[in-house]
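Indexing begins at 1, ligand by ligand and atom by atom, following the structure's order. The figures that follow rest on heavy atoms only: side chains count, while hydrogens, waters and symmetry mates do not. Numbering starts at 1 and runs along the sequence shown.
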Amino acid sequence: MDLSLSPEQESFRAAARQLLEAEAVPHRTRWDREEQVDLAIVPRLAELGFFGLTIPEEYGGVGGDYVTYALGMEELGRADSALRGIVSVSNCLVGKSILGFGTDEQKQRWLPGIAAGTTLGCFGLTEPGTGSDAGSLVTRARRDGDDWVISGQKLYITNGTWAQVALVFARTGGEGPRGVSAFLVPTDSPGFEAREIKGKLGLRGQATAELFLSDVRVPADALLGEEGQGFKIAMSSLDKGRISVAAGCVGIVQGCLEISVDYATSRTQFGRPIAGFQLVQDLIADISLDADAARLLVWRAADLVDRGEPFGTAASKAKLFASEAAVRAANNAIQVHGGSGYVDEYPAEKYLRDARVMTLYEGTSQIQKLLIGRAETGISAFV
Ligand code: COS
């Protein structure tokens with residue numbers, strides 16, 4: 001693995017930093033307080049190519065490699081994790097699932113809009129009764145002539161109220177993962193309703209919704225992949241999604257490092273900058289170490305994707321470490337800031353609130369450990 005970035009990767013990262021510093025960072029506290037990012041940022045992110053990263057040019061994307069994608073997610077996480085979620089659910093969980101499993105017709109229909117940011121996607125896997133045990137989902141799709149008719153409920157769905165297309169996982173067969181199929185459902189379909197969930201600890205600027213599907217009728221060509229292949233589609237999407245979450249967490253840790261150094265070198269106590277105190281340096285050293293270690297795990301996983309090698313376990317390791325590191329780093333950043341870390345005039349407390357969900361969604365830390373344990377021992381803890 002080559003740890004040096006190419007000039008193209010460096011220039012994308014610099015352009016992303018510049019855009020986000022100008023158009024996201026100054027507004028993130030307000031967006032967080034108002035529980036709504038200004039959606040005018042979406043086309044601005046799209047202009048830079050965020051939504052088209054790794055989607056081939058023939059489908060309207062900007063192509064590029066997965067390391068570049070991870071750099072972009074890091075910059076989004078550093079600026080505002082709410083934005084990282086909007087991009088990565090649409091581009092990665094939905095767009096890459098269509099790219100990987102869709103027919104040419106499905107790719108032509110959905111990918112250009114997703115790559116342009118004019119079509120947002122949401123990923124409908126989790127249900128009120130099924131979180132970690134995703135293979136037990138109960139949303140049903142039944143065949144009616146040439147159509148599928150879908151009924152059920154989905155919970156904690158990022159982009160749920162903003163999306164134009166929902167990737168919905170529904171049971172078409174018997175119990176367990178093999179009975180699950182995936183469908184591309186236009187969200188303006190009759191019977192489809194999304195209700196926003198308010199009162200989240202973090203990621204407040206991003207829409208998180210509950211989806212209700214009451215006899216939503218879609219044509220046969222809404223089926224993504226084969227009948228019964230839905231669980232595999234969900235799992236392989238999440239393998240990539242976990243790298244995306246982990247990359248966003250690297251951005252959180254990096255942000256925590258920068259604000260902690262800034263604060264510690266300018267805040268004076270006992271007649272000198274607090275950065276001069278060994279116990280403050282201890283906190284900053286821990287954040288710095290977490291940034292390096294998490295970034296290396298993310299780059300390793302992204303590099304495996306780029307090489308076409310198995311990357312699932314590397315993705316779980318990156319997600320597990322980086323998400324726990326983000327919580328730790330944000331906590332340390334608050335400690336460096338003292339009382340100032342507890343108010344949203346400074347970004348430390350938002351980093352902590354946003355980081356907290358990273359150990360939960362796209363597979364909890366406990367699920368990642370069991371996936372790593374299964375890969376190491378060959379024994380599944382899930383059966
Ligand atoms: N890629 C492709 N296929 C996969 C896969 C992957 N990463 N992981 C599993 N599969 C396949 C298996 O090969 C198996 O196929 P066969 O039936 O043909 O043998 C099938 O899917 C079932 O796999 P498995 O036995 O691992 O299913 P489990 O029910 O044991 O899966 C876990 C358990 C916990 C791994 C899974 O449910 C999971 O990841 N849960 C977390 C869900 C999650 O992240 N939710 C967040 C939603 S988005 S916020």
Practice problem: List the atom of E362, the atom of V245, and the distance in Å for their closest heavy-atom pair. | Solution: CD-CG2, 3.7 Å
Quiz item: Do R295 and Q254 meet the criterion of a side-chain donor-acceptor pair at a distance under 3.5 Å?
Solution: yes
Quiz item: Of the non-hydrogen atoms in T187 and A163, which two are nearest, and what is the gap between them?
Solution: OG1-O, 2.7 Å
Quiz prompt | atom 29 (O) of ligand 1: nearest protein contact (heavy atom, Å) | solution = P177 CG, 3.8 Å
Practice problem: Considering only non-hydrogen protein atoms, determine which one is nearest to atom 17 (O) of ligand 1 and report residue, atom name and distance to 0.1 Å. | Solution: R178 NE, 2.7 Å
Self-check item: Check: S237/S97 side-chain N/O donor and acceptor closer than 3.5 Å
Solution: yes
Quiz prompt | Nearest-neighbour protein heavy atom for atom 49 (S) of ligand 1, which is reported as residue plus atom name and distance | solution = E362 N, 3.3 Å
Quiz item: Between T29 and D344, do the side chains contain an N or O donor and an N or O acceptor separated by less than 3.5 Å?
Solution: no
Exercise. Give a yes-or-no answer on whether the side chains of E127 and Q153 include a donor-acceptor pair shorter than 3.5 Å.
Key: no
Practice problem: Please state whether S380 comes within less than 4.0 angstrom of ligand 1, counting heavy atoms only. | Solution: no
Quiz item: For ligand 1, which atoms, with element, lie under 4.0 Å from some heavy atom of T126?
Solution: 47 (C)
Quiz item: What residue and atom, counting heavy atoms only, is the protein's closest point to atom 30 (O) of ligand 1, and at what distance?
Solution: F382 CB, 3.6 Å
Quiz item: Which of the listed options, S236, P310, S132, holds the heavy atom that is closest to atom 42 (C) of ligand 1?
Solution: S132
Practice problem: Give the numbers and elements of all ligand 1 atoms closer than 4.0 Å to a heavy atom of R242. | Solution: 39 (O), 41 (C), 43 (C), 44 (O)
Exercise. For the residue pair S244 and Y69, confirm or rule out a side-chain donor-acceptor distance under 3.5 Å.
Key: yes
Quiz item: Above 12 or not: heavy atoms from other molecules or residues under 6.0 Å from CD of E196?
Solution: yes
Quiz item: Are a donor atom and an acceptor atom from the side chains of T377 and R374 found within less than 3.5 Å of each other?
Solution: no
Quiz item: Under 4.0 Å from any heavy atom of L371, which atoms of ligand 1 are there?
Solution: 35 (C)
Quiz prompt | From F231, F169, Y156 - option closest to atom 27 (O) of ligand 1 by heavy atom | solution = F231
Quiz prompt | Closest protein heavy atom (residue, atom, distance) for atom 7 (N) of ligand 1 | solution = D239 OD2, 2.8 Å
Quiz item: Tell me, which protein residue and heavy-atom name are nearest atom 48 (S) of ligand 1, and how many Å apart are they?
Solution: L238 CD2, 3.9 Å
Quiz prompt | Heavy-atom neighbours of Q108 CD exceed 12 at 6.0 Å | solution = yes
Quiz prompt | Per-atom contact, atom 46 (C) of ligand 1, protein heavy atoms, under 4.0 angstrom | solution = yes
Quiz prompt | ligand 1 to D133 polar contact by distance, N or O atoms, under 3.5 Å | solution = no
Quiz item: What residue and heavy atom of the protein are closest to atom 24 (P) of ligand 1, and at what distance?
Solution: R374 NH1, 4.0 Å
Quiz item: Is a side-chain donor-acceptor pair under 3.5 Å present for Q164 with D188?
Solution: no
Exercise. Give the single entry among E127, Q229, M235, K240 that approaches atom 10 (N) of ligand 1 most closely by any heavy atom.
Key: M235
Practice problem: Apply side-chain hydrogen bond (donor to acceptor under 3.5 Å, both in side chains) to R204 and Q36, showing your working. | Solution: CA-CA 7 Å; R204 289 187 180 165; Q36 165 86 45; over 6 Å; no
Self-check item: Nearest protein heavy atom with distance in Å, relative to atom 2 (C) of ligand 1
Solution: K232 O, 3.9 Å
Practice problem: Could you list the atoms of ligand 1 found under 4.0 angstrom from a heavy atom of Y361? | Solution: 49 (S)
Quiz item: Can you tell me if A134 has a non-hydrogen atom under 4.0 Å from ligand 1?
Solution: yes
Quiz item: Would you say F123 and ligand 1 have an N/O pair spaced under 3.5 Å apart?
Solution: no
